Amino acid sequence: MVLIIDDEKKICSLLSRIIELEGFKTLQANTGKEGLKLLKSNDVSIVISDVKLPDVNGVALVKDIKAIKPYVEIINLTAYGTIADGVLAIKNGAFDYLVKGDDNEKIIPLLYKAMDKSNLQRSVSDLENKIARKHSFETIIGQSKALKEAIDLAKKVSKTDTTVLLLGETGTGKEVFAQSIHYESLRATKPFVALNCSGFSPDLLESELFGYKAGAFTGANKDKKGLLEEANGGTLLLDEIGEMNLDLQAKLLRVLESQTFIKVGDTQTQQVNVRILAATNKDLKADALSGKFRSDLYYRLSVFSITLPPLRERKADIPALAAYYLKEFANKVNRSVPKMDDKILSILSGHSWKGNIRELKNIIERLVILSDGDVLSATALPPEFFEFTPIENDYNLQQIEKQHIQKVLIHTKGNKTETSRLLGIGLTTLYRKIEEYQIKEV
């Protein structure tokens with residue numbers, strides 16, 4: 001829909017007829033105030049506004065329109081165009097600035113271009129909103145007291161630019177919390193970038209974080225942006241921060257204190273605007289006291305700390321988590337969602353879950369693959385689940401293990417790397433088991 005704002009009713013009517021002949025719907029307003037009221041209550045994509053309105057300057061009105069609906073494109077029309085007004089209109093966010101009399105042949109092609117841009121911006125906005133909803137705190141599954149306390153703390157700090165240190169065992173959902181903090185913050189429309197500090201050597205980690213100049217080292221043929229630059233305006237999560245070496249910690253401290261850094265191989269300081277979140281499964285305070293981690297960096301990172309509870313301390317959440325992943329993996333392999341009986345739930349609830357939610361997710365994926373019927377089969381669980389939980393005497397551990405390996409090999413079409421991942425065992429162990437149980441190659 002196109003909204004026309006002009007205090008001359010004849011011009012409004014004429015423009016409306018021309019535009020409607022192209023198949024667009026139009027609305028008309030004679031003042032800026034009336035136009036903004038129509039904008040708020042109608043699905044408007046384009047505004048064509050006169051510059052000289054009785055109650056407001058049309059160039060200044062551009063900002064008000066964009067504040068209400070950012071995806072709306074504005075075309076300013078004026079009887080007496082000036083370069084200064086044209087520059088200001090574009091600076092305020094206008095799509096174009098036309099002088100009346102020159103617009104007869106230009107307005108319709110311009111209208112189509114503006115509509116294309118508006119539609120694209122709507123699509124981007126819808127996608128951003130979808131991503132934000134996907135990573136909101138409301139999507140975090142669980143009602144246990146420990147989890148709720150962690151979520152409440154994260155919600156309070158999300159609207160600020162405060163550095164947050166997320167503590168907890170591996171697999172407790174630290175990156176999920178970091179994403180929720182970002183998408184609930186004022187930086188939600190800017191990038192969220194995650195870097196696992198344990199996945200790189202010290203030199204490579206510095207290059208990934210800060211980037212480098214061409215010629216900084218062998219193979220550096222051109223300038224490369226670091227993740228600090230990629231996250232500019234948004235949020236950078238430094239996962240496994242405890243693995244970062246002391247020299248690099250000093251450089252990170254500079255970023256936190258001054259929002260500046262120097263690329264590898266460069267001498268020029270660069271400014272950045274980024275919020276730092278950090279996560280670790282280590283006891284950073286103890287490492288800081290022992291000298292394994294810089295104490296000044298630790299105190300800078302831990303301005304606001306949130307500890308995520310392990311799954312064994314929130315076992316009441318296991319049924320809901322299991323049901324969520326059960327549906328996800330059933331859909332993934334295109335099968336009906338099997339049921340979880342009391343026996344399976346009892347076994348899952350009694351497990352120690354050293355790998356926390358990540359381990360639970362892998363187990364549910366395994367159960368979906370290995371259970372043939374409408375109900376999840378307890379015999380599809382790994383052998384370690386039965387060390388403390390009695391099962392039917394019809395099966396012994398070796399039979400169960402052999403069946404597991406055979407089914408997963410069939411599911412992966414003989415891909416041993418994927419099979420070892422799903423089984424949670426090393427590749428060497430898998431080869432040994434195949435030979436031990438004389439399992440035929442798929």
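Sequence positions, counted from 1, serve as the residue numbers for this chain. All values below were derived from every heavy atom in this structure, side-chain atoms included, with hydrogens, water molecules and symmetry-related copies excluded. As the structure is a computational prediction, the values presented were derived from the model and not from experiment.
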Using side chain to side chain contact (heavy atoms under 4.5 Å, CB included), reason through T172 and L311 one step at a time and then give a plain yes or no. CA-CA 7 Å; T172 50; L311 192 53; over 6 Å; no
Answer whether the closest heavy-atom distance between the side chains of K361 and F329 falls below 4.5 Å. yes
Backbone N/O of K327 and side chain of N331: donor-acceptor pair under 3.5 Å: yes
Can S371 and R366 be said to form a side-chain hydrogen bond (donor to acceptor under 3.5 Å, both in side chains), step by step? CA-CA 8 Å; S371 298; R366 175 193 176 108; over 6 Å; no
For residues L289 and S295, determine if any side-chain heavy atom of one lies less than 4.5 Å from a side-chain heavy atom of the other. no
Where is the tightest heavy-atom contact between L376 and P338, given as atom of each residue plus distance? CD2-CG, 3.6 Å
K413 and E418 ion-paired at < 4.0 Å: no
R432 with E435: basic N within carboxylate O range, under 4.0 Å: no
Shortest non-hydrogen contact from I74 toward G93: CD1-O, 4.4 Å
With a 4.5 Å cut-off on side-chain heavy atoms, are V272 and F261 touching? yes
Shortest non-hydrogen contact between I68 and K40, atoms and distance: CD1-CE, 3.7 Å
Report the C-alpha separation of R122 and S45 in whole Å, then their side-chain angles, then the decisive distance to 0.1 Å, and conclude whether the side-chain hydrogen bond (donor to acceptor under 3.5 Å, both in side chains) test is met. CA-CA 9 Å; R122 280 186 189 231; S45 296; 3.2 Å; yes
Ion pair check, E206 and K251, cut-off under 4.0 Å: yes
side-chain hydrogen bond (donor to acceptor under 3.5 Å, both in side chains) between E20 and T26, intermediate numbers included: CA-CA 7 Å; E20 286 179 354; T26 64; 2.7 Å; yes
Residue that, paired with K155, satisfies salt bridge (charged side-chain N to carboxylate O under 4.0 Å, His left out) out of E184, E138, E149: E138
For F217, enumerate each residue passing the ring-ring contact (aromatic ring centres under 6.0 Å, His included) test, keeping only those at least two apart in sequence or located in another chain. Y212
Ion pair R187/D161, N-O distance below 4.0 Å: yes
Using the rule ring-ring contact (aromatic ring centres under 6.0 Å, His included), only one of F192, F177, F137 pairs with H182; which is it? F192
So do the side chains of R314 and P309 get within less than 4.5 Å of each other, counting heavy atoms only? yes
Rounded to the nearest 0.5 Å, what's the gap from CD on E208 to CG on L227? Could you check? 5.5 Å
State the CD1-CD1 distance between I46 and I65, to the nearest 0.5 angstrom. 12.0 Å
Starting from the C-alpha separation in whole Å, work towards a yes-or-no answer on side-chain hydrogen bond (donor to acceptor under 3.5 Å, both in side chains) for T419 and T412. CA-CA 6 Å; T419 299; T412 63; 2.7 Å; yes
Hey, could you give me the CG/CG distance between L39 and L27, rounded to the nearest 0.5 Å? 9.5 Å
Starting at CZ of R294, measure out to CG of L301 and round the result to the nearest 0.5 Å. 11.5 Å
H351 side, atom NE2; K315 side, atom NZ - distance, nearest 0.5 Å: 9.0 Å
Q438, CD: over 12 other non-hydrogen atoms inside 6.0 angstrom: no
Salt bridge or not for E169 and R358, using N-O below 4.0 Å? no
Taking side chain as C-beta onward, heavy atoms only, is Q121 less than 4.5 Å from P70? no
Residues K66 and E73 bridged, charged N to O under 4.0 Å: yes
Assess whether side chain to side chain contact (heavy atoms under 4.5 Å, CB included) is satisfied between L195 and F200, documenting all intermediate values. CA-CA 10 Å; L195 174 62; F200 301 90; 3.5 Å; yes
Should L409 and I434 be marked as a side chain to side chain contact (heavy atoms under 4.5 Å, CB included) after you check the CA-CA gap, both sets of side-chain angles, and the distance that decides it? CA-CA 10 Å; L409 277 168; I434 289 172; 4.1 Å; yes
When every non-hydrogen atom of V255 is compared with those of F210, the smallest separation belongs to CG2-CE2, 3.8 Å
Please confirm whether Y112 and F24 have ring centers closer than 6.0 angstrom. yes
Would you please say whether a donor-acceptor pair under 3.5 Å links the side chains of D317 and S144? yes
Between L61 and V47, does a side chain to side chain contact (heavy atoms under 4.5 Å, CB included) hold up when you go through it step by step? CA-CA 10 Å; L61 187 65; V47 173; 5.8 Å; no
To the nearest 0.5 angstrom, please state how far the CG atom of L186 sits from the OG1 atom of T160. 9.0 Å
Salt bridge flag under 4.0 Å for residues E229 and K224: no
For a 4.5 angstrom cut-off between non-hydrogen side-chain atoms, does I140 reach S180? yes
Minimum heavy-atom distance W353-L348, with the two atoms named: NE1-O, 2.7 Å
Going by an N to O cut-off under 4.0 Å, is there a salt bridge joining R335 and D372? no
In terms of side-chain heavy atoms, does D203 have a donor or acceptor partner in S201 at a distance below 3.5 Å? no
Does K285 pair with D283 as a salt bridge, N-O distance under 4.0 Å? no
Correct closest heavy-atom pair for L360 and A322 would be CD2-N, 4.2 Å
Can you check whether V274 reaches T235 side chain to side chain, under 4.5 Å on heavy atoms? no
Heavy-atom side-chain contact between V59 and N76 under 4.5 Å: yes
Report the residues that fulfil side-chain hydrogen bond (donor to acceptor under 3.5 Å, both in side chains) with D239, sequence neighbours left out, ordered by chain and then residue number. none
Establish, from distance only, whether the side-chain atoms of S185 and S158 form a donor-acceptor pair under 3.5 Å. no
